[in-house]
Structure formats: C-alpha cells, structure tokens
Amino acid sequence: MSDPLYDLYQELILDHQKNPRNFGDLPGATHHADGTNPLCGDVIALDLIVDAQGVVTDVKFKGSGCAISRASASLMTQALKGKKIDVARELFEVFHALVTGSKIPKGKEELLGKLKVFSGIREFPARVKCAILAWHTMKAALDGVQDGKVVTTEGNE
Ligand code: ZN
C-alpha cells in the first residue's frame, strides 16, 4: 500500500534534487557560510542578503551532495525568503526537532509548510545530517561565521 506522505516526500525530493531552487551565486550577499557533512560527502555554500529591517530578501546555495542534502537546501531557501532572521532561527529549531524526532513546540508546526515532508527522515538516523546540513550552515551564516571556517555536521547534531 502506498503512503501519501511517502509519495509526496519522494516526489518533492526528486523534483528539488533535479531542479534545485535558488541555486547559484548571489552578488551582494551580506551573509555567507560553507558547510560539510563528512559522513556522506555533502558540501554546501550558502549566501544570504539580509536587509536593514532584518528580513532575508534573497538566499542562494551551491554545492554537491546526495538528493536529501540538495532537496533540503533547495526547500530551505524557499522557506527563508521574506522571513525575518528571528523567524529563520525559529524555523531552524522547529526543523531540527522535526528531523531528530524531538517534540515540536506547540503551535510552531505550521511554520514548516512543505518542510514537513522531511518528517520521515527521523527513521533514517544516517540521513538526518544530510537533511540538517543546510540549516546548520544557515544558522552559522546568520551568526557571522569566521571567514574560511567550514561548518561541519560532525559533533553538531
Ligand atoms: Zn547526504
């Protein structure tokens, strides 16, 4: 029997893997970070433009890796555009709870939107890092990571 959420998950992941959204360079980026998931070999470079009001007006990523890491980065960029950075940080916490199977704070689940398709990842602990890589990289970019420092998922659940 087919599970509708599983089908949606497959479809969305494949779509975003084949046609990643917001992929490429971002001239005028105000925030940048590089991330790696050594367990799987996923790498990502993330650029954001945050305006004077603290709104993420644009975000792009580059990199290579497995379907999950790519789809997660692609869907993340879509979710972040137009969000204030405090909401982006909140979204990190909620997504993190979703993929690690922790409790999602009450009333926060709707923040996830399409990102809910990653709920199945918690059944595959080895892939959680693939899904979370882009998000750790985003958080580091917002925190102002040192130039040349690469964010790693190792020791960073
Ligand atoms: Zn991966």
Side-chain angles (χ1 to χ4, degrees), residues 9 12-13 16-52 54-105 108 111-157:
Y9 168 82
L12 257 177
I13 301 263
H16 280 261
Q17 186 223 347
K18 268 191 254 163
N19 306 297
R21 316 303 197 275
N22 306 304
F23 190 87
D25 291 309
L26 184 56
T30 57
H31 295 69
H32 172 88
D34 295 297
T36 177
N37 171 18
L39 280 186
C40 179
D42 310 316
V43 291
I44 179 173
L46 189 73
D47 285 313
L48 301 104
I49 297 179
V50 179
D51 72 8
V55 174
V56 178
T57 58
D58 209 353
V59 47
K60 285 202 175 182
F61 79 101
K62 284 194 298 191
S64 61
C66 66
I68 305 273
S69 70
R70 213 166 144 94
S72 178
S74 176
L75 280 154
M76 181 189 78
T77 60
Q78 286 191 317
L80 291 179
K81 267 199 206 181
K83 296 271 193 321
K84 288 208 138 204
I85 52 175
D86 52 344
V87 178
R89 288 179 193 281
E90 198 170 28
L91 201 49
F92 170 89
E93 299 300 334
V94 179
F95 186 79
H96 190 272
L98 177 82
V99 296
T100 55
S102 312
K103 200 165 158 29
I104 294 174
K108 296 296 181 194
L111 264 182
L112 289 166
K114 272 196 256 179
L115 296 166
K116 275 187 205 148
V117 296
F118 286 97
S119 63
I121 286 282
R122 71 178 74 132
E123 310 296 331
F124 306 95
R127 311 314 299 275
V128 168
K129 289 181 180 209
C130 301
I132 203 80
L133 169 65
W135 293 82
H136 276 298
T137 309
M138 178 272 284
K139 195 161 163 271
L142 292 180
D143 289 344
V145 72
Q146 254 178 304
D147 250 3
K149 189 173 180 268
V150 177
V151 183
T152 173
T153 50
E154 281 311 279
N156 206 356
E157 289 300 320

Take Thr77 and Phe23 through the test side-chain contact (heavy atoms from CB on, under 4.5 Å) and record every step on the way to the result. CA-CA 9 Å; Thr77 60; Phe23 190 87; over 6 Å; no
From CA spacing to verdict: side-chain contact (heavy atoms from CB on, under 4.5 Å), Arg89, Asp143: CA-CA 10 Å; Arg89 288 179 193 281; Asp143 289 344; 2.6 Å; yes
Between Val87 and Leu111, does the side-chain contact (heavy atoms from CB on, under 4.5 Å) criterion hold? Intermediate values first, please. CA-CA 9 Å; Val87 178; Leu111 264 182; 4.1 Å; yes
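- In this structure Arg127 satisfies the salt bridge (Lys or Arg N to Asp or Glu O under 4.0 Å) test with no other residue, sequence neighbours excluded.
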Take Thr137 and Asp34 through the test side-chain contact (heavy atoms from CB on, under 4.5 Å) and record every step on the way to the result. CA-CA 6 Å; Thr137 309; Asp34 295 297; 5.8 Å; no
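- Within the structure, the ring pair (Phe, Tyr, Trp, His ring centres under 6.0 Å) test picks out no pair touching residues 29-48 (sequence neighbours left out).
- Note: Trp135 and Phe95 have parallel aromatic rings, judged against thresholds of 30 and 60 degrees for the angle between ring planes.
- The NZ atom of Lys129 sits 15.5 Å away from atom CD1 of Ile68, with the distance rounded to the nearest 0.5 Å.
- Contact check for Val43 versus Val150: no side-chain heavy atoms found under the 4.5 Å cut-off.
- Residues that satisfy the salt bridge (Lys or Arg N to Asp or Glu O under 4.0 Å) test with Glu93, not counting sequence neighbours, are absent from this structure.
- A salt bridge (Lys or Arg N to Asp or Glu O under 4.0 Å) check over residues 54-78, counting only residues at least two apart or in different chains, returns the pairs Asp25-Lys62, Asp58-Lys81.
- With sequence neighbours excluded, no residue forms a salt bridge (Lys or Arg N to Asp or Glu O under 4.0 Å) with Lys84.
- For the salt bridge (Lys or Arg N to Asp or Glu O under 4.0 Å) test, no residue two or more places apart in sequence or in another chain qualifies with Asp47.
- Contact annotation: the side chain of Val59 approaches that of Leu46 to within less than 4.5 Å [non-hydrogen atoms, C-beta and beyond].
- A donor-acceptor pair under 3.5 Å links the side-chain atoms of Asp42 to the main chain of Cys66, judged by distance alone.
- Rounded to the nearest 0.5 Å, atoms OG (Ser72) and CG (Leu12) are 11.5 Å apart.
- The distance from the CD1 atom of Ile132 to the OG1 atom of Thr153 is 10.0 Å, given to the nearest 0.5 Å.
- Checking side-chain atoms of Ser74 against main-chain N and O of Arg21 turns up a donor-acceptor pair under 3.5 Å.
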